[in-house]
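Shown below is the structure under consideration.
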Amino acid sequence: MHRSTIITFSLLVLSCVLRADDRPNVLFIMSDDHTTQAIGAYGSRLAPLNPTPTIDRLAREGMTFENAYCTNSICTPSRACILTGQYNHVNGVYDLGGHIETPRQYLALEMGRAGYHTAMIGKWHLKVEPGAFDYYCVLPGQGNYFDPVFRVQGKEPWPNNTIKFDGMHSSDAITDITLKWLRDSWDTEKPFFLMHHYKAPHDFFEYAPRYEDYLADIEIPEPRNLWEQPKFGSIATRGANDELLPHIGTSIGRRNPRRNYVDHYQVDSSLSDDDAKRTAYNIYLKHYLRCVKGVDDNLARLFRYLEEIGEIDNTVIIYTGDQGFMLGEHDYMDKRWMYEECYRMPFIVRYPKSVKAGSRSNAIVENIDFGPTMLAFAGIETPGVMQGRSFREICETGQEPSGWKQESYYRYWMHMAHHDNPGHVGIRTKEYKLLYFYGCNYKGEERTPPGWELYDLRNDPTEVVNQYDNPEYAKTVIELKDRLAKLRKRVGDTGEDYPEVEAIIREFWDYDDEDRAKAIAISHRYLQIRQNAAKK
Ligand code: CA
């Protein structure tokens, strides 16, 4: 027998002997803002660049979900959904200001109660102490890319105990912390539940210096809708006669004068608009993909260690991002929209004991279902407080259980904050997406024009033709509005928390001629406000 084989064999025997508990470990890996377009296994225009060979290995050896969605495309809310198994109107984390205190960290509590050794390492972003975990080492807030500080347990109360990793990149440090925990602290009498969360590739995409040359000489493939998309959007996203195009949605090119990547990256001001946009796009994508590469390389390190100790096949490994991200599609940056690229989450699961290698599913799953699914793999029933449902059965059989959801629900509350996205609500089925931009803040103020959009995903997967006013889709619109109203009731987003907003939602629901005239007036008024603000 070859020497290395003997070593591997004895390690396997050793780990088997130590493992009295044969339930699988659960390793939940989440990056921040890592979108499906930037994962090879999802086969987008960027796949030929081979951005994620390690994550693609998970897909080759496990199952890839093509229709996994966040219910509110922004960091803290999505994390709250995963931890609580509840929609944001139930867990109360509507926006970046929210938090989840220890007694509501249900996922970790259930795992711990069932005898799992639990740890939370990396980006947390839920403000208060991750007290439901046996161990934590988390970035404060967004944390830093370089020389990162982490909050850990210690003598002092949260958040006073910290450790700092001078000279290190956060992705390297987070991986080191996890490896150290597995090596020195994991109680191998128990299976582990480990949440391993990267900060990367969140903005502003500060990659480790070793990636400076990665993709340096490559022209990054562009999405077509970075350029022409005359039938995309509505009065809600373009304004009356396109008058709000500069003010809704931050941009790659110079379209949005308040915030765009041409200015951010200080692109040569003598360049034409198109050339400046192309230049900014390339800088943006290269920064982003270099951060992604850092995550992928670090995961190779982590998986190698799990192999070395013989635990990789005893571990349910999940890879996801807290939401998707706009990489120039529709000339947008960031997330927050219900449009596909930032609404869709990557979700790949590897567990060779029961999940078929190389399988794919188009079942609709939501981030509130992730917790129940992990609990199910650990043999734990979904607690009654969680609204989500386990899709372990889909992972293991490829079949949707009877009564499985055929639609997902979306709600974005942070009206016009940071990236100029109006508040909206919507429904997605496997065939269609209906979006309703009601356009106001929590008090029903700072209004942008209400409007509706319908995309036929069967023939328009990149969502460039709004079919809402196409008479051929009139019946579909009526049906989907009815489904959306029922869905809102079913998930409990009844509007009692913010009655002024709900009144506006009701007012523009049927969107008759009178509503359309009002929307035009709101558009003109909003343009005035933005122009006055620009003058100051
Ligand atoms: Ca995020």
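Remember, it's a predicted structure, so these values are computed and weren't measured experimentally. Ligands are counted one by one from 1 in listed order, and the atoms in each one are counted from 1 as well. These values consider heavy atoms only, across backbone and side chains, with no hydrogens, waters or symmetry-generated copies.
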For the Ca ion (ligand 1), protein N, O or S atoms at a distance below 3.0 Å amount to 6
Ion pair check, Asp420 and Arg258, cut-off under 4.0 Å: yes
Is there any salt bridge (charged side-chain N to carboxylate O under 4.0 Å, His left out) pair reaching into residues 49-58, and which pairs are they, with sequence neighbours excluded? Arg57-Glu61, Arg57-Glu307
I need the full list of salt bridge (charged side-chain N to carboxylate O under 4.0 Å, His left out) pairs touching residues 70-92, with sequence neighbours left out, sorted by first then second residue. Asp32-Arg79, Arg79-Asp322
Answer yes when Glu502 and Arg488 have at least one side-chain N-carboxylate O distance shorter than 4.0 Å, and no when they do not. yes
Contact list for residues 37-50, test salt bridge (charged side-chain N to carboxylate O under 4.0 Å, His left out), sequence neighbours left out: Arg45-Glu329
Side chain to side chain contact (heavy atoms under 4.5 Å, CB included) with Leu46: which of Val292, Thr36, Ile220? Ile220
